[in-house]
Protein chains: 4
Amino acid sequence: MKPPIIDHMASRETNRRERRIQRQRKAILDAAAELFAQKGYVSTTTKDIARAVDIGESTLYGYFTSKQEILQEILNQQAAMVDSLLVHLNDLHGIESFVDLTDLLLDRLLEWAIYNRVVIAEAWTHDEILLSYVIVHWQPIMERLKQFIHTRVAAGIFRPIDPGFGARMMIAIFIASILPVLRGVEPPPTPATRHELAAALVEMIVNGLRAQNG
Amino acid sequence: MKPPIIDHMASRETNRRERRIQRQRKAILDAAAELFAQKGYVSTTTKDIARAVDIGESTLYGYFTSKQEILQEILNQQAAMVDSLLVHLNDLHGIESFVDLTDLLLDRLLEWAIYNRVVIAEAWTHDEILLSYVIVHWQPIMERLKQFIHTRVAAGIFRPIDPGFGARMMIAIFIASILPVLRGVEPPPTPATRHELAAALVEMIVNGLRAQNG
Amino acid sequence: MKPPIIDHMASRETNRRERRIQRQRKAILDAAAELFAQKGYVSTTTKDIARAVDIGESTLYGYFTSKQEILQEILNQQAAMVDSLLVHLNDLHGIESFVDLTDLLLDRLLEWAIYNRVVIAEAWTHDEILLSYVIVHWQPIMERLKQFIHTRVAAGIFRPIDPGFGARMMIAIFIASILPVLRGVEPPPTPATRHELAAALVEMIVNGLRAQNG
Amino acid sequence: MKPPIIDHMASRETNRRERRIQRQRKAILDAAAELFAQKGYVSTTTKDIARAVDIGESTLYGYFTSKQEILQEILNQQAAMVDSLLVHLNDLHGIESFVDLTDLLLDRLLEWAIYNRVVIAEAWTHDEILLSYVIVHWQPIMERLKQFIHTRVAAGIFRPIDPGFGARMMIAIFIASILPVLRGVEPPPTPATRHELAAALVEMIVNGLRAQNG
DNA sequence: CATGAATGAGCGTTCATTCAT
DNA sequence: AATGAATGAACGCTCATTCAT
């Protein structure tokens, strides 16, 4: 009887330790992301990160094998977030839910603003990151959007536009609307403002600028 | 008679030297921009730049006082290019010339693709560069676009949209259309393709996605 | 009971570390002073200093923030030594104790020979060092000497000489007597020799060269 | 007849050229000495020197083979000046001419103030310079002074002091009196002031500080 | 597990000197 | 003879990483 109990306790112990480790990893990741976002990966020193988490510089190496690995973990988590967007995209139908959906996506993107900012920065100067992380993970989303447009073009709801081009424009409008927040020069919108923004985006995408009575 | 001739020759000599210096500066600037675009400013070493121009590392310092100054000159030249766009923006009227204008701007932006890529990269992590270079020089362009939209909204040609929002969306669509080229993962379009792209962009901006018979 | 003990141990640990750091700083300072004295500050490289202490070049920067700071610390310590001379100068009276005092000052100056040599070298070509370190810290000593001379002139013990001039000459004679040792071309005197020297100096200052029966 | 004339002209030409070269060498030497005096030899760049003479940096190498050679020439000229002092020292007799002589030596030393300052600076950190230049050239002067003192001690005019010690003290008093001028923190004295100074120095050396009625 | 101390590799920059003109 | 241009060697300093405790 004892051994199981010991095992159980050991397991609880192990879990507690495991959780503490995960908590610390998360703290390091968040601090590093903040710094990478502000100064860029190369200009952020391991000393900077350690000071931000208030641990010794060499303690970092108990949680990550290198500074590079910290970045990779940030990229991984952001990629997971992008992947999760697809779940929401799978019920694109009426215009109403389209606005709600847009709102939801904006929310997700803004919640991960700092991680996104890091990814954008690094993908801009590293081909490998652009190809392995950004393009790979956004590809399914692009496909879903293309399919969405294609369906509506076939149904005569949308003009006969190239779906790939349309999808890219959609994402552009989408991202551009929150760029200053991602960049860190504007505060995140309130939920209400964000919802208005979502509505405006959808209208812009669907109707463009021309007056409807034209 | 002799002094003038001597002067003349001296002047010619001086000009030749001056031209050689300018040519070399340009070569360094281009090589540096290419490297900054690919690896970022901090990760590019002065040794990299020197090797790319095939000169000694210390020779760089005969043309620029520091690595930092090389970057600043790149930013300055890009800013001058942005300023020059305004000239073209001053005759925005019919839709036809709007497409031509868009084509022209795309052309300018693509011609300076590498410099633009550097500016985007650095502005993304340096507030000072974002504020002093990017925002300062794009501001007049934004103003011109807002005015353009405002006029058309007043005339009932455009929907009653917020001009600021509209202008930002215009630029977003504009930039997004050439982002892969700026980023260096797609080759620049041929003039014909570029013109088609310009037409598609204008249609997207003006008409959105909705079918006209809707 | 345990916490106090732990604190105590921690404190002991901290003290041990602190002492080790101070010991290392002192070793670096001494090695640097030796090199600065031999080759001058600018001609001494950080590599030279590191090699003399048998540590890596970058290890220096764990103890001092810059090569400049090493020099400043040397200047500071020498200045503190000069300041401490004043304590001894405050009982200048009989001729006997004047010799003993001179002996004491020579001893102090020679003990810090290398540091003094560095200060002289640097003050010779840096106005800021001359004014901020040398003149500032020797000023009180000069004042004390002037006062000493002034009193004796008033009492008819000394000839009616300008106290400022006299004080400067006293220091000149004083320094000159140990210049070869400071310069490093003669070994330091034994205590006995030094005491004889002190007596000769005092006699020189007080009696000059003229025969007393003159 | 022609060849001689040609020779003569050539010679005149050669002389003119020679003189021009010597004039330029002197200009370089003076400018370099000024800079070496202010910032030290190592901290003075060849660019500094060239700018001070208003010639190209590489032009220096038409007159001197290296920066080191410029310093050596400065040392040589200063050494020649020191040698020339000996001429004056050869009629040391009455006390009156002793003051005049001191005045003369001060004059010579001050005229070459900048060169002296350079020599002192370099001899302070370079054993070779101290031994080969300073000590070698001051040795005969020291000998002459020792002889001077020895004679007077034998004649009962001076106290029975060690001639070597006395000679060194004489030079110390001598140099110390003009140290601030050599160092460049005081302006050179007028001839009248200088003569007073000479008298005071001689009195200090001969009579010390003690009142004569003592 | 946490960390202070140490360090090799590499950075941007300077400078005495050479060389083609 | 004069010089602008070029450069190798060396400098002071930083930083990601290792290691003994």
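Below, read A as the first sequence line, B as the second, and so on, with proteins coming before strands; counting in each chain starts at 1.
Annotation: B:K26, atom NZ; neighbour count of heavy atoms from other residues, nucleotides and ligands within 6.0 Å is above 12.
Applying a 4.0 Å cut-off to non-hydrogen atoms, none of the residues of residues 35-54 of chain C approaches DNA chain E.
For the pair A:Q68 CD and F:dC15 P, the computed distance is 18 Å after rounding to whole Å. In this structure, CZ of B:F64 is placed 14 Å from P of F:dA5, rounded to the nearest angstrom. Rounded to an integer number of Å, the gap from C:I21 CD1 to E:dA5 P is 4 Å. Look at CZ on B:R25: it is 15 Å from C1' on F:dA5, rounded to the nearest Å. In this entry the distance linking CD1 of B:I70 with C1' of E:dT13 reads 12 Å, nearest Å. Remark: C1' of E:dA2 and CD1 of A:I28 are 12 Å apart, rounded to the nearest angstrom. Rounded to a whole Å, the CG atom of B:L60 is 13 Å from the C1' atom of E:dT14. As a whole-Å value, the separation of A:K67 NZ from F:dT14 P is 15 Å.
For A:Y61, whose side chain is taken as the heavy atoms from C-beta onward, the closest listed nucleotide among E:dA5, F:dA2, F:dA16 is F:dA16.
At a threshold of 4.0 angstrom between heavy atoms, the contacts of B:Y63 are confined to the sugar-phosphate backbone, with no base atom among them. Heavy atoms of D:I55 sit under 4.0 angstrom from primed sugar atoms or phosphate atoms, though from no base atom. Nucleic acid contact class of D:E57 (heavy atoms, under 4.0 Å, all strands): base.
How far OH of A:Y61 is from NZ of A:K67: 8.5 Å, rounded to the nearest 0.5 Å. With values rounded to the nearest 0.5 angstrom, B:Q38 atom CD is found 10.0 Å from B:D48 atom CG.
Nucleotide F:dT7 is matched to E:dA16 when pairs are restricted to Watson-Crick or G-U wobble geometry with both distances under 3.5 angstrom. Of all nucleotides present, none satisfies the Watson-Crick or G-U wobble test against F:dA1 with each distance under 3.5 Å.
The base of E:dG12 has none of its N or O atoms less than 3.5 Å from a complementary donor or acceptor on the side chain of B:S66.
Inter-residue side-chain proximity for D:F64 and D:L29 is flagged as met; some heavy-atom pair is nearer than 4.5 Å.
Residues A:Q77 and A:Y115 share a closest heavy-atom pair of CB-CE2, 4.1 Å. When all heavy atoms are compared, the tightest approach of B:A32 to B:I70 is CB-CG2, 3.6 Å. Taking each heavy atom of B:L35 and B:A52 in turn, the nearest pair found is CD1-CB, 4.0 Å.
In this model, the phosphate group of E:dC1 is approached by a side-chain N or O of A:R17 to a distance below 4.0 Å at OP1 or OP2.
Across the interface with DNA chain F, nearest-nucleotide mapping of C:S58 and D:G56 shows D:G56 to be the residue nearer the 5′ end. Each of C:T59 and A:G62 was assigned the nucleotide of DNA chain E with the nearest heavy atom; the assignment lying further toward the 5' end belongs to A:G62.
Distance alone, capped at 3.5 Å, places no donor-acceptor pair between the B:Q22 side chain and the B:E18 backbone.
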